[in-house]
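Computed from a predicted model, the values in this text were never measured in an experiment. Note on naming: letters A, B, ... go to the chains in the order of the sequence lines (proteins, then strands), and numbering restarts at 1 for each one.
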Number of protein chains: 2
Amino acid sequence: MRKTNSTNHVNEKAITINCPITSTMLAIGGRWKIVILWQLKNGSLRYNEIRKAIPNISEKMLIQQLKELMQSKWVDKKDYNEIPPRTEYSLTQIGKSFMPILENIYNWGIANNITAPRQEDGS
Amino acid sequence: MRKTNSTNHVNEKAITINCPITSTMLAIGGRWKIVILWQLKNGSLRYNEIRKAIPNISEKMLIQQLKELMQSKWVDKKDYNEIPPRTEYSLTQIGKSFMPILENIYNWGIANNITAPRQEDGS
DNA sequence: TTTTATACTTACCAAATTGTATGTACTTCC
DNA sequence: GGAAGTACATACAATTTGGTAAGTATAAAA
């Protein structure tokens, strides 16, 4: 949980309060969020399907990021109440409506040959 | 400096290596990067002008983020070699070419009434 | 000679994010 | 009775990010 009185938190709030860009970035800003959204763009997937589609993600990270995406209304979950459990995750309308922008970024990235910056250390 | 052998780092690399979206997000992903880019969209600014335009940023954060933006070629710096010092920061072509996408996100955010998600704690 | 102006650097600390390992629940199959 | 399948939860540790406070350099102005 975050501390509401830390400078970090206060600054985050100040930055996002009036800016839809930074708010949006915050919503999709976790390590795995975009990867998850990208997986869901062609339809709903079960928990384990997402997991297998994203080899490096841990279970903790997957549910954590899914929860946050659900809180911010980008992703929906359907629980079938079966045993063994079955749940399906899908994009909400909000999530779907953002996909064209993600595709823009995708194409922009390719056109501009974007590679991630890395400040590496030897150790 | 980051550790090149941490799982965290390895995962970041895996995520960005083949994906222009996550690479792009990484490049503009610091706390203040988008705010800085947004300030520069109407032309070059001196160090102190940026600083005054972004009330909460500390000097350390400002130069750090500027350096990273320069490393990833979104921002350029011109040093006038005067005393007292004078430097000017401006968007590169890459930086400028991304502005339409930022504006898309801005409009999308307004249209969808995006507010930043907050998991707050009481302490 | 102290102050002012500008653009940084650095050491250190606090906070937030990410990852590891292990455990839970329920039912069917062997 | 034990293993398998599915979707989680939780305690703890490592890593990374962000913030604070103080210092540097140079020359001109007060």
Side-chain angles (χ1 to χ4, degrees), chain A residues 1-15 22 25-26 28-33 35-36 44-52 54-68 70 77-89 117-121 123, chain B residues 1-15 25-26 28-33 35-36 44-52 54-68 70 77-89 116-121 123:
Chain A
M1 280 294 158
R2 307 196 58 185
K3 301 184 72 169
T4 49
N5 57 340
S6 66
T7 305
N8 186 310
H9 184 271
V10 169
N11 280 348
E12 179 182 290
K13 209 161 190 165
I15 282 179
T22 46
M25 288 310 190
L26 195 60
I28 58 175
R31 158 75 45 95
W32 305 96
K33 298 227 177 82
V35 183
I36 293 171
S44 63
L45 289 176
R46 294 184 63 172
Y47 175 83
N48 264 344
E49 291 177 316
I50 305 178
R51 190 155 150 56
K52 279 163 197 162
I54 308 175
N56 295 322
I57 201 170
S58 71
E59 305 218 47
K60 183 200 157 197
M61 276 298 119
L62 179 51
I63 44 150
Q64 188 180 103
Q65 307 264 299
L66 281 172
K67 269 185 188 170
E68 288 173 21
M70 285 162 57
K77 166 174 153 180
K78 183 158 173 25
D79 195 330
Y80 287 89
N81 288 107
E82 297 176 0
I83 299 279
R86 180 153 80 105
T87 58
E88 276 187 2
Y89 292 91
R118 309 193 194 285
Q119 289 85 43
E120 301 195 344
D121 157 34
S123 68
Chain B
M1 280 295 159
R2 306 194 59 187
K3 302 185 73 173
T4 49
N5 57 340
S6 67
T7 304
N8 187 311
H9 183 273
V10 169
N11 280 348
E12 179 181 288
K13 210 161 189 167
I15 282 179
M25 288 310 192
L26 194 60
I28 58 175
R31 160 71 47 94
W32 304 96
K33 298 231 177 78
V35 183
I36 293 171
S44 63
L45 288 177
R46 293 185 62 174
Y47 175 82
N48 264 345
E49 290 177 317
I50 305 177
R51 188 155 152 54
K52 278 163 197 159
I54 308 176
N56 295 323
I57 200 168
S58 71
E59 306 220 43
K60 181 200 155 197
M61 276 298 120
L62 179 50
I63 42 146
Q64 187 181 104
Q65 307 264 299
L66 281 171
K67 270 186 187 170
E68 289 174 18
M70 284 161 56
K77 166 174 153 180
K78 184 160 173 22
D79 195 331
Y80 288 89
N81 287 106
E82 296 176 2
I83 299 278
R86 180 152 80 104
T87 58
E88 275 187 3
Y89 292 90
R118 308 192 196 286
Q119 288 84 44
E120 300 196 344
D121 155 38
S123 66

### Message
Taking only side-chain N and O atoms of B:R31, does any of them lie within less than 4.0 angstrom of OP1 or OP2 on D:dG19?
### Response
yes
### Task
Please determine if a side-chain N or O atom of B:Q64 lies less than 4.0 Å away from the OP1 or OP2 oxygen of C:dC8.
no
### Task
Using only side-chain N and O atoms of B:K67, determine if any of them is under 4.0 Å from OP1 or OP2 of C:dT9.
yes
### Task
Under 4.0 Å between any heavy atoms, over every strand shown, what does A:R51 touch: base, sugar-phosphate, or nothing? Just pick one.
nothing
### Query
Quick one: is B:Y47 getting a side-chain N or O under 4.0 Å of the C:dA5 phosphate, OP1 or OP2?
no
### Message
Distance check needed: D:dA14 C1' versus B:E12 CD, whole Å only.
### Response
16 Å
#### Entry: Short side-chain N/O contact to D:dT16 OP1/OP2 from B:S6, under 4.0 Å
yes
### Task
In plain terms, say whether B:K77 and B:E88 are close enough for a salt bridge, that is, a side-chain N and a carboxylate O under 4.0 Å apart.
no
### Query
For B:N48 and C:dA7, is the shortest distance between a side-chain N/O and OP1 or OP2 below 4.0 Å?
yes
### Task
State plainly whether the residues B:K33 and B:E68 are in salt-bridge range, i.e. N to O under 4.0 Å.
yes
### Query
Under the salt bridge (charged side-chain N to carboxylate O under 4.0 Å, His left out) test, which residues partner A:R46, sequence neighbours left out?
none
### Task
Rounding to 10 degrees, work out the angle separating the end axes of the helix from C:dT1-D:dA30 to C:dC30-D:dG1 (five pairs an end).
40°
Give me the distances for all protein-to-nucleotides 20-30 of chain C N/O pairs that come in under 3.5 Å?
{"from": "C:dT20", "atom 1": "OP1", "to": "B:T7", "atom 2": "OG1", "distance (Å)": "3.2"}

#### Entry: Spacing between A:E49 atom CD and D:dA7 atom P, to the nearest angstrom
8 Å
### Task
Classify the nucleic acid contact of B:Y80 as base, sugar-phosphate or nothing, counting any heavy atom under 4.0 Å across all strands shown.
nothing
### Query
Under 4.0 Å: is that the gap between some side-chain N or O of B:R2 and OP1 or OP2 of D:dT16?
yes
